[in-house]
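These numbers were taken from a predicted model, which means no experiment stands behind them.
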Amino acid sequence: MSSALSPELRQLWLDGISAGSIVPCVGPGVLADVVSTRDGRRIPATSDELIIALNGGKPMSPKLMFEFSRAAMNIELKRGRNAIKRFLDTTYASDEWSRAATHDWLRALQPAYVIDINRDTQLLDSYAGIPHQVVLGCARLGGSAFRYLLYRNDGSGYVRIEPELGDPALPTLFKPLGAPLPGGVVKPDGTRIAESSYIASDADHVDFITELMGGFAVPAFLKRRREGLRYLLIGLRLQRDTERMVLAELFHGAASEPAGWALLPDASANERRFCTRLGLQIIDADFNELIGATTGVAENRQLA
């Protein structure tokens, strides 16, 4: 059942995020105001935008335009997995993008736990200089039963750590679909290397979701930490099966009545069914009403 965003509800969310009992979960909509500082083009964020950028600025066939993961699978089969990685690295490791208003809002709040299904680095940039840890989703990782990479940042750079070293007391940024790490990774000898990990193609999603369902794509400390939490979906439409399947597993152990809230203006029937199944309350309001933005993101691109 839909309801409008009231000042009381907004305050409830702000208090919950500050206390760590409500987890912001952000999607492509929060990047709607992000543009290149060089040529003014928007950062590719939605499925359609990513497909067109991947294909050199041109749409692909209707069958491949259905979802980015399908288009990525097509390119991976033709040109190899590294072609997808190069594209995502080039797109998201660049420093040419303006800041998203939502990420400035989150930076001011400094949540203890955030889920970000985008593949950019703005959330990670928001914690620069602050000790935190990052969980990057990964697929088909040789020599490991896990489908994630865990990094710690003491304020000076990222260091990859083993799963058992995850610290539940540190702010945790979960990027299930991956990202490039800003500034790279600090090796034991002090040198830095670029490092990134992505869930992109259909094959990646199948592997990652399978391991999510089996419990191997979320660190043990985070499984314990997420028990009884509630979630606030911001800039995230729920129209695609892959994203719904990922979120359904990430929300395992959530509180009830409600498990959280989804800011979904004009929610579709599929979105309503999914939210009902997960116990999420739909709020018929744009997320900009929450963050107080008045420009740029007001149009909030639909994730077709």
Side-chain angles (χ1 to χ4, degrees), residues 24-62 64-72 74-75 83-107 114-126 128 173 175-182 196 198-201 233-240 242-243 262-266 268 271 285-304:
C25 183
V26 300
V30 306
L31 300 180
D33 59 338
V34 177
V35 297
S36 169
T37 56
R38 298 170 188 170
D39 56 25
R41 62 191 170 90
R42 288 175 168 172
I43 191 172
T46 68
S47 178
D48 284 358
E49 289 167 345
L50 278 165
I51 294 169
I52 291 170
L54 176 64
N55 198 42
K58 299 178 292 184
M60 300 178 79
S61 69
L64 295 178
M65 286 297 298
F66 177 75
E67 190 164 7
F68 174 65
S69 61
R70 183 179 295 182
N74 177 268
I75 297 298
I84 304 300
K85 186 177 184 296
R86 283 194 301 271
F87 162 71
L88 293 172
D89 281 345
T90 300
T91 299
Y92 293 126
S94 170
D95 62 358
E96 70 176 286
W97 305 112
S98 65
R99 282 285 295 179
T102 302
H103 281 301
D104 282 341
W105 179 78
L106 286 170
R107 178 170 58 189
V114 188
I115 297 173
D116 181 3
I117 71 163
N118 299 310
R119 300 178 181 88
D120 69 301
T121 66
Q122 292 212 17
L123 177 65
L124 280 62
D125 294 336
S126 297
L173 315 179
K175 302 277 290 185
L177 302 188
L181 291 171
S196 59
Y198 303 105
I199 305 297
S201 68
L233 278 60
I234 304 171
L236 177 55
R237 304 300 308 202
L238 300 168
Q239 298 164 339
R240 307 214 173 261
T242 50
E243 290 173 353
L263 284 158
L264 286 173
D266 303 316
S268 68
E271 289 175 320
D286 188 270
F287 70 91
N288 299 300
E289 295 181 42
L290 171 63
I291 67 171
T294 57
T295 59
V297 287
E299 57 191 296
N300 187 15
R301 292 173 289 182
Q302 295 298 302
L303 310 186

Does the side chain of [X] reach to within under 4.5 Å of the side chain of [Y], using non-hydrogen atoms?
X	Y	value
I52	P44	no
P265	E289	no
R119	L50	yes
L124	K175	yes
I234	W105	yes
L54	F68	yes
L123	V26	no

Qualifying residues under salt bridge (charged side-chain N to carboxylate O under 4.0 Å, His left out), relative to [X], sequence neighbours excluded:
X	answer
D39	R41
E271	R237
D125	none

What distance do [X] atom [atom1] and [Y] atom [atom2] have between them, rounded to the nearest 0.5 Å?
X	Y	atom1	atom2	result
L88	I199	CG	CD1	11.0 Å
L263	D286	CG	CG	8.0 Å
I75	M60	CD1	CE	4.0 Å
L238	L264	CG	CG	5.5 Å
T102	D116	OG1	CG	10.5 Å

The test is side-chain contact (heavy atoms from CB on, under 4.5 Å); show your working for S69 and E243 and say whether it passes.
CA-CA 11 Å; S69 61; E243 290 173 353; over 6 Å; no
Apply side-chain contact (heavy atoms from CB on, under 4.5 Å) to the pair D120 and W97, showing each step before the final yes or no.
CA-CA 10 Å; D120 69 301; W97 305 112; over 6 Å; no
Without swapping roles, check the side chain of [X] against the backbone of [Y] for a donor-acceptor pair under 3.5 Å.
X	Y	value
T37	S98	no
R240	F66	yes
D33	A101	yes

Locate the shortest heavy-atom distance separating [X] from [Y]; write the atom from each residue and the value.
X	Y	value
H103	S126	O-OG, 3.6 Å
P176	I117	CG-CG2, 4.1 Å
I43	E49	O-OE1, 3.8 Å

Just do the side-chain contact (heavy atoms from CB on, under 4.5 Å) check on S201 and I84 with the steps written out, would you?
CA-CA 8 Å; S201 68; I84 304 300; 5.8 Å; no
Mind running side-chain contact (heavy atoms from CB on, under 4.5 Å) on I51 and L64 for me, showing each step along the way?
CA-CA 8 Å; I51 294 169; L64 295 178; 5.8 Å; no
Charged N-O contact under 4.0 Å between R86 and D89
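The answer is no: the pair does not qualify as a salt bridge.
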Evaluate the side chain to side chain donor-acceptor pair (under 3.5 Å) criterion for residues S47 and E67: first the C-alpha distance (whole Å), next the side-chain angles of each, then the deciding distance (0.1 Å), finally the verdict.
CA-CA 6 Å; S47 178; E67 190 164 7; over 6 Å; no
